[in-house]
Amino acid sequence: MAEPTIASIVTTLLSPGKGLLAADESFPSIAKRFQPLGIPSTEETRCAYREMLFTAPEVNEFISGVILFDETIRQRMQGGIPVPELLHQLGIVPGIKVDTGTVPLANFPGEKITQGLDGLRERLSEYRQLGARFTKWRAVIAIGEDTPTRTALETNARVLALFAALSQEAGLVPIVEPEVLMDGSHTIERCEEVEGATLQSVFDALCDQRVVLEHMILKTGMVLSGKECPQQADVAEVAERTLRCFRRFVPAAVPGIVFLSGGQSDIAATERLNAICQTSGAPWKITFSYGRALQAPALERWKGSADNVAAAQASLHHRAKCNGLAVLGKYSPEMERVKPA
Ligand code: 13P
């Protein structure tokens with residue numbers, strides 16, 4: 001079979017009514033998700049958990065791609081099939097998180113920079129051989145009284161741009177992810193301002209680095225009130241501000257924007273996505289690339305036991321379907337009344 005081109009990978013990832021499952025939690029993040037449920041984080045439990053997710057019946061109707069972690073892309077599911085091969089057989093594009101996490105940005109207290117550029121060219125070539133067709137890199141921007149600083153925005157943007165250029169060089173579609181955190185008591189106005197400044201720096205750097213905008217996907221958060229802000233903006237305001245910010249700062253050449261869930265509840269993440277997608281006329285495709293908002297109900301039901309696999313898979317299917325419909329602007333809260341079997 002002919003190798004898909006980078007343009008066809010983008011098209012497949014952005015198939016109508018589908019989105020991405022982010023299952024690329026690092027060792028500390030997956031341990032944090034397992035811990036409240038008393039599930040130990042071992043190579044076996046992590047593999048069993050991801051197998052439960054990836055083999056959920058008919059989830060490929062709503063999921064076009066899965067973001068994997070380094071350990072997972074090398075694992076085999078029951079029957080010995082390598083994870084990327086299983087996903088390819090299901091018509092799901094395997095992708096890989098290639099950053100190695102954040103560290104404090106020197107001289108800028110409270111701000112972070114993402115690591116992982118050293119040896120990246122060689123790692124990308126290995127991931128491609130293992131079956132990955134797209135990559136992801138996450139930069140983190142926190143909103144504080146005096147942050148983000150211009151230096152933190154520009155440094156993170158330059159690193160994202162280098163990652164994107166190297167990915168395209170390797171024939172992989174980069175998912176460029178600047179995440180403005182929800183943490184804090186800031187207003188939605190402040191979030192819109194910071195999201196705009198972040199996107200402006202990111203696209204300046206991507207253009208400087210000669211990244212082909214048509215061959216990348218932007219992953220970012222919605223414009224939201226800070227988690228501790230006493231005035232929480234409603235769904236309509238979130239949709240309006242998010243789209244306005246994207247129209248101002250995301251070039252129309254970018255084929256798609258995918259959302260992270262970032263700590264929103266699963267239902268809020270679906271409702272807001274639906275409201276955003278109901279507004280027609282956007283130049284980019286818009287969909288989801290949720291981690292927690294897709295996985296949380298499934299993980300709670302799974303609890304680390306093989307006996308709960310079918311119930312957990314039904315929960316994942318339900319959330320994937322709700323979000324798949326939201327992308328078409330066809331989700332309704334009634335759908336939450338039908339509880340998954
Ligand atoms: P959440 O949807 O849980 O924020 O995760 C998405 C992701 O990929 C973060 O990098």
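All residue numbers refer to positions in the sequence shown, counting from 1. Values below: all heavy atoms of this structure, side chains included; hydrogens, waters and symmetry mates excluded. Read the numbers this way: they start at 1 and go in the same order the structure lists the ligands and their atoms.
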Co-membership, hydrophobic cluster, residues Ile73 and Ile92, 4.5 Å side-chain: yes

Other ILVMFWY residues reachable from Ile217 by side-chain steps of under 4.5 Å: Ile6, Ile9, Val10, Leu13, Leu14, Leu20, Ile67, Val93, Phe134, Val173, Ile175, Val258

Linking Ile, Leu, Val, Met, Phe, Trp and Tyr through side-chain heavy atoms less than 4.5 Å apart, which residues share a cluster with Val194? Ile141, Ile143, Leu153, Val180

Mark yes when over 12 heavy atoms from residues, nucleotides or ligands other than Arg121 sit less than 6.0 Å from its CZ; otherwise mark no. no

Who's touching ligand 1 if we go heavy atoms under 4.0 Å? Ala22, Asp24, Lys136, Arg138, Glu177, Lys219, Leu260, Ser261, Gly262, Ser289, Tyr290, Gly291, Arg292

Remaining members of Phe69's ILVMFWY cluster at a side-chain heavy-atom cut-off under 4.5 Å? Phe27

Return yes when atom CD of Glu228 has more than 12 non-hydrogen atoms of other residues, nucleotides or ligands closer than 6.0 Å, and no otherwise. yes

